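For reference, the structure is listed below as structure tokens.
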Amino acid sequence: MSFFKKIFSKEKKEKLDEGLEKSKTDFFGKLSKAVAGKSKVDESVLDDLEEILVSSDVGVATTIKIIDRIEERVARDKYLGTEELNLILREEIAGLLSESENGELESLELPEGKKPYVIMVVGVNGVGKTTTIGKLANQYKLKGKKVVLGAGDTFRAAAVDQLQIWADRVGVSIVKQKMGSDPASVAFDTVQSAIKQEADVVILDTAGRLHNKVNLMNELSKIKRVMQKVTPDVPDEVLLVLDGSTGQNAFEQAKQFTAATEVTALAITKLDGTAKGGVVIGISDQFKIPVKYIGVGEGVEDLQIFNKYEFVDSFFSNKS
Ligand SMILES: Nc1nc2c(ncn2[C@@H]2O[C@H](COP(=O)(O)OP(=O)(O)OP(=O)(O)O)[C@@H](O)[C@H]2O)c(=O)[nH]1
Ligand SMILES: [Mg+2]
């Protein structure tokens with residue numbers, strides 16, 4: 001690993017630690033209350049732990065799996081001290097996530113012969129789609145890739161301007177039409193322009209909408225169909241953005257969207273300043289679609305490529 005890579009990873013880890021601070025304080029506050037005066041992990045500690053995991057937005061199904069694993073371990077090891085609980089949680093959750101079917105992704109790698117690589121970004125209102133697009137464009141740009149943004153949110157007055165601001169900030173080009181125009185037509189123009197410019201990546205913004213299945217399906221499939229008139233097999237990626245600070249709502253949105261349309265990757269935003277960071281553990285356990293990015297702040301550099309192990313390590317690093 002190069003010197004700079006190490007520095008970058010250290011900064012990334014620090015930012016992640018910082019972003020998860022609230023979730024951790026909340027979780028470990030509850031945990032230390034639950035184990036106060038107890039030296040051993042017993043039935044009642046496990047009961048409390050179960051409640052704490054659920055209330056930390058890990059989700060019921062994943063919590064049950066975690067508790068089962070710890071129960072097995074208690075049975076096997078006979079004696080487990082409460083002071084080891086952090087470590088055990090970290091090990092068991094990391095083990096659990098390594099078994100989930102969504103592989104780790106080399107997130108910014110672009111497949112050979114796919115030019116432009118087209119990413120369509122979807123999700124409900126206000127989850128952080130446009131911001132994530134800006135941050136992602138920046139990361140590709142830093143890798144020397146030519147990026148074109150498509151202002152496919154033609155629904156809201158300020159949406160195009162907001163994407164334009166990001167395009168200017170990051171220094172990438174943007175294709176847009178006036179408010180109210182057909183998003184599929186914007187998608188068409190964007191892909192066409194990207195081909196002409198020999199761009200590497202297209203990132204298409206879409207309007208945030210409530211997850212009304214039928215409308216969503218219709219609109220997203222129309223955008224796809226129209227883009228495919230320019231070049232076949234696009235989009236290469238459908239990135240669903242979820243707001244982590246909404247906890248179980250994010251879970252619900254992931255369920256609805258993945259059922260309604262073909263989502264290939266997830267981004268979970270706003271993990272900074274929330275106590276609901278546990279939702280990432282539940283989502284990466286429960287969905288076959290990989291979490292590719294996490295948002296840990298509003299700044300251009302606050303998008304991280306998600307790594308399960310790093311995340312669990314940050315979440316359960318010594319704090320009690
Ligand atoms: N703290 C924090 N704020 C974020 C993050 N990502 C996005 N935001 C903020 O969330 C708000 C909404 O972000 P947008 O990017 O406009 O969300 P959107 O999904 O495009 O919203 P619509 O276009 O209205 O559907 C903005 O104020 C962003 O700065 C994050 O990771 N952390
Ligand atoms: Mg937007």
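In this text, all values refer to a predicted model and were calculated from it rather than measured experimentally. Order of appearance sets the numbers: ligands from 1, and atoms from 1 within every ligand.
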- Task: Classify the angle between the aromatic ring planes of F316 and F27 as parallel (below 30°), tilted (30 to 60°) or perpendicular (above 60°).
- Result: perpendicular
- Message: How far is atom 17 (O) of ligand 1 from the closest protein heavy atom, and which atom is that?
- Response: G128 N, 3.0 Å
- Residues two or more places apart in sequence or in another chain: which of them pass salt bridge (Lys or Arg N to Asp or Glu O under 4.0 Å) with K22? none
- Which residues satisfy the salt bridge (Lys or Arg N to Asp or Glu O under 4.0 Å) test with K146, sequence neighbours excluded? none
- Query: For ligand 1, which atoms sit closer than 4.0 Å to a heavy atom of K135?
  - Reply: 6 (N), 30 (C), 31 (O)
- So, Q286 and T62: side-chain donor and acceptor under 3.5 Å apart, yes or no? yes
- Considering distance alone, does some N or O of E298 sit under 3.5 Å from an N or O of ligand 1? yes
- Message: With a cutoff of 4.0 Å, is G123 in contact with ligand 1, counting heavy atoms of the residue only?
- Response: no
- Query: Without hydrogens or angle criteria, can the side chains of S185 and Q177 be said to hold a donor-acceptor pair below 3.5 Å?
  - Reply: yes
- Note on the structure: The atoms of ligand 1 lying under 4.0 Å from a heavy atom of G297, numbered in the order shown, are 2 (C), 5 (C), 30 (C), 31 (O), 32 (N)
- Message: Ignoring hydrogens, what is the shortest heavy-atom contact between K24 and D17? Give both atom names and the distance.
- Response: NZ-OD1, 4.3 Å
- Message: So M120 and T206, do their side chains get closer than 4.5 Å, heavy atoms only?
- Response: yes
- Message: Side chain or backbone, does Q162 bring an N or O within less than 3.5 Å of an N or O on ligand 1?
- Response: yes
- Item | Closest approach of T274 to S23 (non-hydrogen atoms, all atoms of both residues) | O-OG, 3.0 Å
- Message: Evaluate N125 for polar contact with ligand 1, using N/O atom pairs at a separation under 3.5 Å.
- Response: no
- Contact check, G126 vs ligand 1, heavy-atom distance below 4.0 Å: yes
- Message: List ligand 1 atoms under 4.0 Å from R156, heavy atoms only on the residue side.
- Response: 22 (P), 23 (O), 24 (O)
- Where do K224 and P235 come nearest, in terms of heavy atoms and distance? CG-CD, 3.5 Å
- Numbering the atoms of ligand 1 from 1, which are under 4.0 Å from a heavy atom of G208? 25 (O)
- Message: Donor-acceptor check, side chain of N307 to backbone of Y309, threshold 3.5 angstrom: yes or no?
- Response: yes
- Message: Could you identify the single nearest non-hydrogen protein atom to atom 1 (N) of ligand 1 and state the distance to 0.1 Å?
- Response: D272 OD2, 2.7 Å
- Message: Need the ligand 1 atom indices (1-based, order shown) with element for anything under 4.0 Å from a heavy-atom of G295.
- Response: 31 (O)
- Looking only at heavy atoms, which two atoms of V241 and V127 are closest? And how far apart? O-CG2, 3.5 Å
- Message: Among V241, V121, V122, T131, which one puts a heavy atom closest to atom 14 (P) of ligand 1?
- Response: T131
- Are any of the N or O atoms of K129 closer than 3.5 Å to those of ligand 1? yes
- When you measure from atom 11 (C) of ligand 1 to every protein heavy atom, which one gives the shortest distance, and what is it? K270 NZ, 3.9 Å
- With rounding to the nearest 0.5 Å, note down the distance linking OG in S314 to CZ in R90. 9.5 Å
- Hey, which atoms in ligand 1 end up nearer than 4.0 Å to a heavy atom of V296? 31 (O)
- Task: Within a distance under 4.0 Å of any heavy atom of D153, pick out the atoms of ligand 1 and give their elements.
- Result: 23 (O)
- Item | Sequence neighbours excluded - side-chain hydrogen bond (donor to acceptor under 3.5 Å, both in side chains) pairs with any residue from residues 64-73 | K65-D285, R69-E92, R69-E99, R73-E91, R73-E92
- Query: Tally of protein N/O/S atoms under 2.8 Å from the Mg ion (ligand 2)?
  - Reply: 1
- What closest approach, in Å, do T154 and M179 show between heavy atoms, and which atom pair accounts for it? O-CG, 3.4 Å
